[in-house]
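These notes concern the structure reproduced below.
Keep in mind that this is a model prediction, so the values were computed, not measured. In what follows, every chain begins at residue 1, and chains take the letters A, B, ... in the order their sequences are listed.
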Amino acid sequence: MKKIIFLLMWVVLIQKPLTVEAKKIRIVTTTEDLAAITRAVGGNRVQVDFIARGTQDAHFIDAKPSYILKLSRADLFVQIGLGLESGWVPSLLMGARNAKIQRGEKGYVNASQDIDLLDIPTQKIDRSAGDVHGEGNPHYWLDPMNGHRIAKNIAVGLLQIDPEGKDTYEENLKQFSKKLKVAVIRWQKKMAPFKGEKVVTYHNSWIYFLKRFSLEAVAYLEPKPGIPPSPSHLEHTIERIKAEGVRIIIVEPYFHGKVSRFVGKKSGVEVLVLPPSVSSGTVIGDYFQLFDHLIASLTDALKQ
Amino acid sequence: MRLRILVRITLSLVIFLALLFPLFPLNGGTVWAQSRPSQRFNPDISLNGLFAAGYFSEPDHLQFGAHDPNERGFTLQNLELTLTGAVDPFFRAEGHLIFGFEDGESILEIEEVHMTTTGLPYGFQVMAGQFFTRFGRQNKQHPHAWQFVDQTIINTLMFGGDGLRNLGVQVSALLPLPFYLELIGSVQNSTGETASSFLSSSEETFAGRPILEQAIDEGNDLLYMGRVEASFDLSETSSSVIGTSHLFGSNGTGLDTRTQIHGIDFFVKWKPTLAHNGWPFLILQGEAIQRSYQAGAALVDSNLLPRETFKTEGFYIQSLYGFKRQWVTGIRFGSADATDPSDPRTGDRWRVSPNLTFYPSEFSKIRFQYNYDRSDERNDPIHAVFVQYEFTIGAHAAHTF
């Protein structure tokens with residue numbers, strides 16, 4: 001019994017200095033896109049960490065104990081929501097034992113709040129349709145205009161837990177929105193010549209991006225969300241590509257492989273590997289560079 | 001007389017109807033309008049069915065796990081109804097009810113039902129209810145989460161066919177260190193079928209001695225577990241978890257006879273950054289468990305069995321390779337120094353099990369497995385082949401590492 005009491009005392013004692021020295025607001029986001037926007041809004045009052053790398057598919061992240069550790073020390077947690085992270089975030093939140101960031105608490109931000117969502121099911125859905133998301137398509141950060149709302153949701157969260165930073169957050173939010181507004185005009189101008197262009201994507205993950213820039217996905221390499229392509233579906237897709245005059249197939253790096261190469265080769269269409277997320281350590285270091293890169297790659301491919 | 005009956009019936013009918021259709025609603029007239037959105041507060045519900053078709057070279061086989069395929073032909077391994085949800089801002093709760101067949105009758109078991117705190121200070125978490133003891137890696141897993149068709153030999157030997165689970169309380173703490181270190185302690189009842197190395201159930205025997213019918217009458221009769229679990233990321237793409245677990249309790253062969261069980265376990269997983277829907281991956285996992293069981297003296301058929309201590313040990317090691325999207329192949333080797341779970345003096349045994357699993361989606365699987373079972377008690381090995389199939393409908397449960 002004595003041993004247990006000593007152990008408990010030790011646990012309590014070594015926690016003290018950690019909480020005292022923490023000055024910056026500690027934020028953990030599920031994706032790097034959210035991390036980038038949080039950095040822009042939080043400025044130097046915050047220290048931002050993320051879980052899924054931009055090069056990883058955020059649907060399929062393992063609930064590693066090291067992530068639990070990150071969340072156990074967070075003051076604010078930001079997630080995409082809409083079921084994107086439902087395979088791993090609940091386990092992490094439960095394991096983290098952090099009262100501040102549980103769903104419904106001040107330190108919890110669901111970035112999809114008040115976003116105009118696409119693909120909201122209008123009738124009863126079930127899994128015979130594959131991995132459908134009941135509340136709408138979760139890839140909304142790929143419409144740069146949604147960046148405003150995401151940033152605002154994060155700012156609201158920050159204001160709740162750090163009211164003293166009000167001026168900083170409001171100013172940063174204003175600057176971010178201003179910069180984004182200008183950038184969107186620039187991106188739209190670059191994409192204007194390709195209005196109405198038809199494309200094929202692997203998963204239905206580019207819908208927000210395509211809609212913003214007036215492009216259209218006429219087919220997907222997956223027959224249904226999350227279901228691997230069958231030969232007959234691919235054959236059908238190749239026919240669609242030819243019939244619709246599709247010039248590019250867009251795939252995320254983690255979806256690129258045999259299937260996309262095969263369809264590209266058979267249909268004679270370029271396979272464009274596009275990163276859907278900010279990825280630190282690459283040229284796509286923030287939310288603006290993400291769209292700079294996407295627009296540049298797309299316009300290059302379409303100009304040919 | 002008749003009038004009184006009539007009055008009673010009328011009165012009860014009026015009360016019943018008044019309850020059903022409130023004439024004078026207590027809080028305004030919006031009762032009906034409010035009742036429908038309340039469905040939003042329903043817990044997440046899922047139903048999981050796990051079945052197997054099997055063939056054994058010997059009908060008198062060595063699969064002692066309660067959820068193992070157990071006959072030539074078809075077996076319902078597990079039918080599990082899971083309900084989970086937030087209780088209030090302070091607790092989450094989950095329930096796992098399992099249904100099955102026992103000698104042709106349908107049965108219901110309360111596998112796990114517990115509530116867990118969500119935000120105690122200093123990294124503490126308390127769970128209370130009926131739950132699997134967090135000893136090692138295999139014991140806490142529900143049958144549909146197993147990577148093989150059957151339970152490991154050593155787990156069946158130590159914890160019985162259903163695994164070690166009982167009513168109790170668990171306290172755990174995540175320590176504020178630069179790496180993941182979790183301390184877990186639990187106290188549980190040690191009686192019943194699901195505590196087979198401990199007070200257990202009076203229908204059982206151990207090493208020839210009858211299990212006495214005992215109630216828990218002092219602290220010593222409870223089951224105490226301590227576990228330390230640590231995790232390290234070996235690189236960006238591989239992570240490990242290691243743990244040691246220790247159990248202490250009384251057993252049912254005497255009034256002051258004790259059992260101790262100690263175990264070590266490890267788990268390593270590699271998955272590349274560019275994994276496609278979670279594939280490919282490689283997992284290596286193992287567990288070694290040792291038990292020391294003080295059996296009491298007993299007079300059985302006018303033979304005096306002395307008080308003696310039995311040491312039993314065993315281990316398993318398994319590897320799983322998700323080599324191509326939807327496909328996983330695995331191999332497991334398990335060994336123990338006793339064959340009969342109720343008698344540690346029975347000879348050594350080992351089992352090797354290669355398997356191949358196809359996952360049409362996250363919600364279904366088809367698994368093929370071969371078991372080669374060897375026991376000192378038998379002259380010939382037992383060969384077994386299984387085809388296992390599983391479905392889940394309803395809520396998608398989050399995975400743990």
Worksheet entry | Residue A:Q56 versus chain B: region with a heavy atom under 4.5 Å | both
Worksheet item: Which atoms form the tightest heavy-atom contact between A:A96 and B:L174, and what is the distance?
Response: O-CD2, 4.4 Å
Item to complete: Please test B:R92 against A:Q102 for side-chain contact (heavy atoms from CB on, under 4.5 Å), starting from the C-alpha separation and ending with a verdict.
Response: CA-CA 11 Å; B:R92 282 190 65 79; A:Q102 300 294 326; 5.9 Å; no
Discussion item. Below 4.5 Å, heavy-atom pairs only: which of A:G104, A:G257, A:G226, A:S72 has the largest tally toward chain B?
Written reply: A:G226
Fill in: Under 4.5 Å from a heavy atom of chain A, the part of B:S172 involved
both
Practice prompt. Would you mind listing every salt bridge (charged side-chain N to carboxylate O under 4.0 Å, His left out) that reaches into residues 263-283 of chain B, with sequence neighbours excluded?
Written response: A:D62-B:K269, A:D62-B:K271, B:R227-B:D265
Worksheet item: Top residue by heavy-atom pair count (under 4.5 Å) with chain A, among B:V241, B:L120, B:T400, B:T118?
Response: B:T118
Discussion item. On a heavy-atom basis, which atom in B:P89 and which in A:E105 lie closest, and how many Å separate them?
Written reply: CB-OE2, 4.3 Å
Worksheet item: Which atoms of B:F90 come close to chain A, meaning under 4.5 Å heavy atom to heavy atom: side chain ones, backbone ones, both, or neither?
Response: neither
Worksheet item: Within the distance-only criterion (no hydrogens, no angle test), does the side chain of B:E362 pair as donor or acceptor with the backbone N or O of A:D131 below 3.5 angstrom?
Response: no
Worksheet item: Among B:R325, B:E229, B:H396, who wins on heavy-atom pairs under 4.5 Å with chain A?
Response: B:R325
Discussion item. Within this structure, what is the CE-OG1 distance for the pair A:M94 and B:T116, rounded to the nearest 0.5 Å?
Written reply: 4.0 Å
Fill in: Residues in residues 274-281 of chain B near chain A [non-hydrogen atoms, under 4.5 Å]
B:L274, B:A275, B:H276, B:N277, B:G278
Worksheet item: Between B:P272 and chain A, which part of the residue has a heavy atom less than 4.5 Å away: side chain, backbone, both or neither?
Response: neither
Worksheet, complete the sentence: On a heavy-atom basis, the closest approach of B:F401 and A:A63 is CB-O, 3.2 Å
Worksheet item: Of all of A:G83, A:P90, A:G87, which one pairs up most often with chain B through heavy atoms under 4.5 Å apart?
Response: A:G87
Discussion item. Please check: side-chain N/O of A:R127 versus main-chain N/O of B:G394, any donor-acceptor pairing under 3.5 Å?
Written reply: yes
Discussion item. For the interface with chain B, which of A:S91, A:P65, A:A99 has the highest count of heavy-atom pairs at distances below 4.5 Å?
Written reply: A:P65
Practice prompt. Identify which part of A:I61 has an atom lying under 4.5 Å from any heavy atom of chain B, answering side chain, backbone, both or neither.
Written response: backbone
